[in-house]
Chemist: 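My questions will all concern the structure given below.
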Amino acid sequence: MATGNVINNNSTGISVYNGSGTFTGRSIAVTASTGLSVSNADGTAGNPTLAGISATTSVLGVVQLATGAQTKTGTSTTLVPPVSALVQHQGVAKAWINYSSGTTTINNSYNVTSSTANGTGDNTINFTTAFANANYVAAGIGVANNQVVTSLSTGSARITTGNIGVGNLILANGNPSTLVFFGEQ
Amino acid sequence: MDTRIIYMNDMGIISIVTPCDQAMEELGMTHDAFIEFIQTKDIPIDTPSWVIHVNDLPNDWTYRDAWVCDNSGVISVDLVKARSIRMSLLKNIREVKLKNVSECILDCQDLGNDFTALKNQRLQLRNMESVETSNLNNLTTFEEIKSYLPEYLS
């Protein structure tokens, strides 16, 4: 058709119908920051090809999402974890809680369904999603009290709180106590 | 939330379970469904439990380790455990007084003053546990136990 010349007349190889019966040449910028590349743009050696390039820390581009297992391993330098998988990384806290056992109040928490006050200075933290094994880490501090781990199981952690006396821990409720848990889920 | 779940634990007192609001929201559960979920997941298997309001817990937490509940979930204070807790409190008072009396005796010795009365007081403090165990055992109500304080310890 006669308009073929119009199409071939633009050097970018990309033409758009402008709605007024004619075609207009358009281009795609190719720079290091756009993360796109156009090959054979003049159309003389074949169809133009538009391709994404891999993202780096300085160049925009296409990324591949990591699986949960890959996020957990945490060794890839090219994969990007989706938000939903971030928590699976080994270095991310799997649960935490700020609670006052003396008033049975949970002030804030993550991945905790409940806390159980077994007695003075004796509390169990129950997890929503259990750990894969009992070899996880509990750490924490309380206002005017100290904490020691009594036992760890995959679904819960039993914690003793109290004040340090002469050679022993005098049981007392933490108000509040804070705990954070790291490990494999 | 104001809901608590109680059950008798293996130490013979009640455990108090506090459900977590954030978890209920994250799991998208209704209040009642979440409480049932907690009762299934966070309470030992085959252990009866009762859902109560937080205001149903006693106000005085000094005797928290003597709290027990009956077959309907009503909380009361176990008198044997209460006596034991009261004895611990009396011992704490005794320790302070014993230290003070011992220091006074040393001062009297240094100054050459008579300290016979102080020695008798120290002996009374040292014998406190056996004497007051018997006295506490004679008390039959929680109110009597928690207010019991011999004059020499006051």
Side-chain angles (χ1 to χ4, degrees), chain A residues 83-84 87 93-131 145 150-151 153-163 165-168 170-177 179 181, chain B residues 1-29 33-45 47 49 51-68 78 81 84-85 88 91-92 95:
Chain A
V83 172
S84 59
V87 72
K94 301 302 186 295
W96 52 262
I97 184 171
N98 178 315
Y99 70 110
S100 301
S101 51
T103 56
T104 67
T105 304
I106 297 176
N107 302 310
N108 208 347
S109 68
Y110 172 71
N111 193 34
V112 171
T113 50
S114 68
S115 67
T116 303
N118 304 302
T120 300
D122 182 351
N123 298 280
T124 301
I125 309 302
N126 302 298
F127 305 121
T128 307
T129 300
F131 283 86
N145 73 75
T150 306
S151 62
S153 62
T154 55
S156 63
R158 194 161 183 170
I159 307 294
T160 299
T161 62
N163 302 309
V166 180
N168 64 350
I170 301 166
L171 296 179
N173 289 320
N175 293 307
S177 292
L179 286 164
F181 300 90
Chain B
M1 69 177 66
D2 293 331
T3 302
R4 300 291 182 270
I5 306 167
I6 59 171
Y7 66 90
M8 287 294 290
N9 60 35
D10 54 11
M11 297 182 292
I13 57 175
I14 62 168
S15 280
I16 307 161
V17 181
T18 305
C20 180
D21 290 305
Q22 291 89 343
M24 184 176 72
E25 292 168 11
E26 286 167 11
L27 294 169
M29 290 183 172
F34 185 62
I35 296 304
E36 282 185 29
F37 174 67
I38 297 290
Q39 285 179 294
T40 303
K41 189 180 88 62
D42 297 341
I43 291 174
I45 298 171
T47 301
S49 63
V51 178
I52 64 168
H53 190 277
V54 66
N55 292 340
D56 293 334
L57 293 170
N59 291 324
D60 184 358
W61 279 66
T62 309
Y63 292 86
R64 184 262 177 270
D65 289 340
W67 293 354
V68 294
D78 181 277
K81 291 182 170 64
S84 174
I85 292 169
S88 295
K91 283 181 183 175
N92 291 340
E95 290 308 310

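Proteins get letters first, then strands, A, B, ... in listed order; numbering begins at 1 in each. Reckoned from all heavy atoms, side chains included, excluding hydrogens, waters and symmetry mates. Keep in mind the model is a prediction, meaning the values are calculated, not measured.
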Chemist: Name the option with the most non-hydrogen atom pairs under 4.5 Å to chain B; the candidates are A:N108, A:T124, A:D122.
Modeler: A:N108
Chemist: Which of the residues B:I13, B:D42, B:V54 is involved in the greatest number of heavy-atom pairs with chain A at under 4.5 angstrom?
Modeler: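 Counting heavy-atom pairs under 4.5 Å, the top option is B:D42.
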Chemist: Name the region of A:F127, side chain, backbone, both or neither, that has any atom closer than 4.5 Å to a heavy atom of chain B.
Modeler: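 When you check distances to chain B, only backbone atoms of A:F127 fall under 4.5 Å.
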Chemist: Quick one: do A:T161 and A:S177 satisfy side chain to side chain donor-acceptor pair (under 3.5 Å)? Show the steps, please.
Modeler: CA-CA 8 Å; A:T161 62; A:S177 292; 5.0 Å; no
Chemist: What I'd like to find out is whether the side chain of B:T40 reaches to under 4.5 Å of the side chain of B:I38, using heavy atoms alone.
Modeler: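 Answer no - side chains too far apart.
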Chemist: Kindly indicate whether the side chain of B:Y7, heavy atoms from C-beta on, has any atom under 4.5 Å from the side chain of B:P44.
Modeler: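 Touching, per the 4.5 Å side-chain cut-off.
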Chemist: Will you find, in the side chains of A:N126 and A:T113, an N or O donor that is under 3.5 Å from an N or O acceptor?
Modeler: no
Chemist: Can you tell me which portion of B:L57 sits under 4.5 Å from chain A's heavy atoms? Options are side chain, backbone, both or neither.
Modeler: side chain
Chemist: Please classify the contact between A:S156 and chain B as side chain, backbone, both or neither, with a heavy-atom cut-off of under 4.5 Å.
Modeler: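 The answer is neither part of A:S156.
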Chemist: State whether the side chain of A:N111 and the backbone N or O of A:T129 hold a donor-acceptor pair below 3.5 Å, judged by distance alone.
Modeler: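 Looks like yes, one N/O pair under 3.5 Å.
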Chemist: For B:I6, which atoms come within 4.5 Å of any heavy atom of chain A: side chain, backbone, both, or neither?
Modeler: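 Neither part, no heavy atoms under 4.5 Å.
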